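The structure appears right after this line, and notes come after that.
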Amino acid sequence: MAASHAKQLALSREYREAAEEHLERLEYLHDRGFYALSHYIAGVAVECVLRAHLVMVDPEFDARHDIIELRRGARFFDFVPHEAQESVAAALGEVTTRWSNNHRYRSGASVLRYLKTAKLDRRVKGDALKYSSHRIVSASIHIVTMGLLRWKN
């Protein structure tokens, strides 16, 4: 039993470290115009922090890359401060709308087509891919930062 719990803690730590490393790279990628890659890494960072929570609840749970199911299985909002829950929920909506695990295969033009198909380019003046990258990066930073509070306190 103790070995199983130690394994959960180690896996949770791995996911947290990955989430933190991805956060360090997100703004760098966005600021240098790697908008398609920043979309993908933003979603992966959120997935990592959710998995860090999830393995502590149910190490056997596998929601693949479904952020909504990962959030539910991890009981994520149990660990988000009450005053931040509304903004974190909005940020999760932003990420789930803009992210797809398939972005790992997409070029910038392909991610832009994805955004257009989802009608996320509406009323955007200028570069819709850059705009969307900013939105998903900001949302991801907020979610991961709130998600890591469980281990910071």
Side-chain angles (χ1 to χ4, degrees), residues 7-80 84-124 127-151:
K7 185 177 177 182
Q8 284 176 276
L9 290 173
L11 188 53
S12 178
R13 183 177 56 254
E14 285 181 32
Y15 282 129
R16 289 191 320 268
E17 289 171 355
E20 288 175 326
E21 285 183 17
H22 292 327
L23 278 192
E24 292 171 10
R25 292 173 180 88
L26 274 175
E27 287 180 320
Y28 175 88
L29 291 169
H30 175 78
D31 291 346
R32 282 156 185 80
F34 296 101
Y35 304 129
L37 187 55
S38 66
H39 272 79
Y40 177 65
I41 299 300
V44 172
V46 169
E47 195 175 0
C48 286
V49 81
L50 292 174
R51 286 181 181 280
H53 284 265
L54 180 63
V55 298
M56 300 305 295
V57 174
D58 183 0
E60 302 301 318
F61 186 93
D62 183 16
R64 305 266 175 200
H65 303 288
D66 186 329
I67 289 175
I68 294 169
E69 286 302 312
L70 288 169
R71 178 199 48 87
R72 283 185 190 134
R75 298 184 207 141
F76 186 65
F77 280 99
D78 290 355
F79 302 98
V80 173
Q85 288 189 1
E86 188 175 321
S87 65
V88 171
L92 277 163
E94 196 75 51
V95 172
T96 57
T97 302
R98 296 179 187 282
W99 184 73
S100 166
N101 189 48
N102 289 334
H103 285 349
R104 64 187 165 170
Y105 307 117
R106 293 188 170 122
S107 65
S110 181
V111 173
L112 184 57
R113 282 192 298 277
Y114 173 90
L115 297 170
K116 286 180 182 287
T117 300
K119 298 182 176 157
L120 296 170
D121 65 331
R122 303 295 189 253
R123 291 180 243 181
V124 174
D127 187 338
L129 185 59
K130 179 179 180 180
Y131 171 82
S132 184
S133 174
H134 173 73
R135 299 286 302 246
I136 196 169
V137 166
S138 296
S140 178
I141 290 169
H142 185 52
I143 295 163
V144 173
T145 300
M146 290 292 111
L148 292 174
L149 288 177
R150 176 181 188 179
W151 293 278

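Everything quoted here is computed from the prediction, not taken from an experiment.
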What's the verdict on side-chain contact (heavy atoms from CB on, under 4.5 Å) for Asn101 and Tyr40, showing C-alpha distance, side-chain angles and the deciding distance?
CA-CA 7 Å; Asn101 189 48; Tyr40 177 65; 3.6 Å; yes

Which value, rounded to the nearest 0.5 Å, describes the distance between His134 atom NE2 and Asp127 atom CG?
13.0 Å

Say you draw a straight line from CG of Leu26 to OG of Ser133; how long is it, rounded to the nearest 0.5 Å?
8.0 Å

Quick one: sort the Trp99 and His65 rings into parallel, tilted or perpendicular, breaks at 30° and 60°.
perpendicular

Above 12 or not: heavy atoms from other molecules or residues under 6.0 Å from CZ of Phe79?
yes

Please report the C-alpha distance between Phe77 and Arg72 in whole Å, then the side-chain angles of each, then the deciding distance to 0.1 Å, and finally whether the side-chain contact (heavy atoms from CB on, under 4.5 Å) criterion is met.
CA-CA 8 Å; Phe77 280 99; Arg72 283 185 190 134; over 6 Å; no

Heavy-atom distance under 4.5 Å between the side chains of Val44 and Arg104, does that happen here?
no

Take a 6.0 Å sphere around CZ of Arg75 and say whether it holds more than 12 heavy atoms from other residues, nucleotides or ligands.
no

For Glu47, the option from Leu54, Leu70, Val95 that meets side chain to side chain contact (heavy atoms under 4.5 Å, CB included)
Leu70

Do Arg106 and Ser100 make a side-chain contact, defined as non-hydrogen atoms from C-beta onward lying under 4.5 Å apart?
yes

Is there side-chain contact between Tyr35 and Leu112, with at least one heavy-atom pair below 4.5 Å?
no

Who are the salt bridge (Lys or Arg N to Asp or Glu O under 4.0 Å) partners of Arg71, not counting sequence neighbours?
none

Taking the side chain as every heavy atom from C-beta outward, state whether Thr145 and Leu23 have any pair of such atoms under 4.5 Å apart.
yes

side-chain contact (heavy atoms from CB on, under 4.5 Å) between Leu92 and Val46, intermediate numbers included
CA-CA 9 Å; Leu92 277 163; Val46 169; 4.2 Å; yes

Does Leu9 CG have over 12 foreign heavy atoms under 6.0 Å away?
yes

What do you reckon, is CD of Gln85 surrounded by more than 12 foreign heavy atoms closer than 6.0 Å?
yes

Just so I know, are the side chains of Leu129 and His39 near enough to count as touching, which here means a heavy-atom distance under 4.5 Å?
yes

Would you mind checking if Glu20 and Arg16 are paired as a salt bridge, meaning a charged N to carboxylate O distance below 4.0 Å?
no

Is there a side-chain contact (heavy atoms from CB on, under 4.5 Å) between Leu11 and Lys7? Walk through the geometry before answering.
CA-CA 6 Å; Leu11 188 53; Lys7 185 177 177 182; 5.6 Å; no

